Structures are given as structure tokens and as C-alpha cells.
Amino acid sequence: YRHGIVKPHHARARIARWGVAVSLLLMAAPSLAKPQPPAAALDTTKKANKSLNEAWAHLKAGRLDEARKAATVARKRITKALGAKHGYLADALRIEGLAAQRQGDFKRARRALVRALRIAEKAQEKSLAGEAQIARELALVLSKSRPTGEAEAFVRERLERLEKRVGSDS
């Protein structure tokens, strides 16, 4: 054959090879688009959930130091596995805040609960009940550690936000 002229059977072979390559890429595309979480991330998530459950159990039993430690471990694991804006992180911070409040460490409690509330407000899996509980607990901490007017202003502001989101009955 001459330069630039491809025999028909050679052209069909090239097309067939390209067809196979394109088919393989198309079959692989869905798995490339949605990477599956590695087994290590799933294991970390399970461990974080276990730590969170342990923290709640310690808190309910009145073992406040153990509750704070377990909540801190859960917070670190949740951040590693799910990121710093996941709703579970708000749960871990809430436990830390409640334990600190019951120990009389209102500054630490306020810090943890404010952070938990910010995360709960922005989390993908919003929960009005969780957000409301955190806000209630933060209001209690503010009422014990700050002038009463600040706690009342906070509660008023939270109620206004809640009414905007849910709608008022009146």
C-alpha cells in the first residue's frame, strides 16, 4: 500500500482496538466517579461511633472524666473519618460540654457547646432536635457563667431562628 492509504482491514483493526479501549474506559468510569471509602475509613467510623456511645454511657453514669476522655477520642476519630463539619462531631462536642458543665468548668463547656451548635447548624444531616438541645444546654451554661441578660438574649435569638425555620403557630 502507498503512504497515507490504509487498507480496509487495517482500519477495521484500529477501530476495533479503539472500541475496546473506549468500552473499558466507559465501564471503569462509574467506579472512578464514585470512589468507595476504604476499609480503614469504615473501621475508623465504627471506632468513633463506639467511643461516642461509651462517652454517653459514662456521662449518664456520672463518670464525667471518663465521659470527657471518650468524647475527645470520638471527636478526633469523627474528624479523621468524616471531617470537621459532620453532625456526629456536634454530638461529641455536646458530650464534652455537658461533662464540663457538670464539673463546673463553664468556660470549657461554653466553648464546646458553641462549637457544637455551629456544626449542628451547618451539618448536612440537620436535626432540629439536636440543635435545639445544644442551644438549651448552652443557654443553661450561659445563665450560670454570664450575666442573666446574655443568656436571655441568646434564648430569644434562638427562638426567633427556630420560628423562622419551622414556622410559628400564631
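What's counted below: heavy atoms across the whole structure, side chains too, no hydrogens, waters or symmetry copies. All values derive from a computational prediction rather than experimental measurement.
- In this structure, Y88 and L82 approach most closely via the heavy-atom pair CD1-CD1, 3.7 Å.
- Under the 4.5 Å side-chain criterion, counting only non-hydrogen atoms from C-beta, R111 is not in contact with F106.
- Contact annotation: the side chain of L52 never approaches that of R77 to less than 4.5 Å [non-hydrogen atoms, C-beta and beyond].
- At a threshold of 4.5 Å between side-chain heavy atoms, the hydrophobic network of Ile, Leu, Val, Met, Phe, Trp and Tyr places L140 and L113 in two separate groups.
- The heavy-atom pair separating L59 from A67 by the smallest distance is N-CB, 3.6 Å.
- Closest non-hydrogen pair, I78 versus A48, comes out as CG1-CB, 3.6 Å.
- Legend: residues meeting side-chain contact (heavy atoms from CB on, under 4.5 Å) with A109, ordered by chain and number and at least two apart, are A100, Q101, V141.
- Counting heavy atoms from C-beta on, the side chains of T72 and R75 come closer than 4.5 Å.
- L89 and G83 make their closest contact through CD2-O, 4.4 Å (heavy atoms, listed as atom of the first residue, atom of the second, distance).
- R94 approaches A116 most closely through the heavy-atom pair N-CB, 4.0 Å.
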Q) Does the side-chain contact (heavy atoms from CB on, under 4.5 Å) test come out yes or no for D65 and H58, once each step is laid out? A) CA-CA 8 Å; D65 287 330; H58 288 307; over 6 Å; no
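- With hydrophobic clusters built from ILVMFWY side chains whose heavy atoms lie under 4.5 angstrom apart, V73 does not share a cluster with W56.
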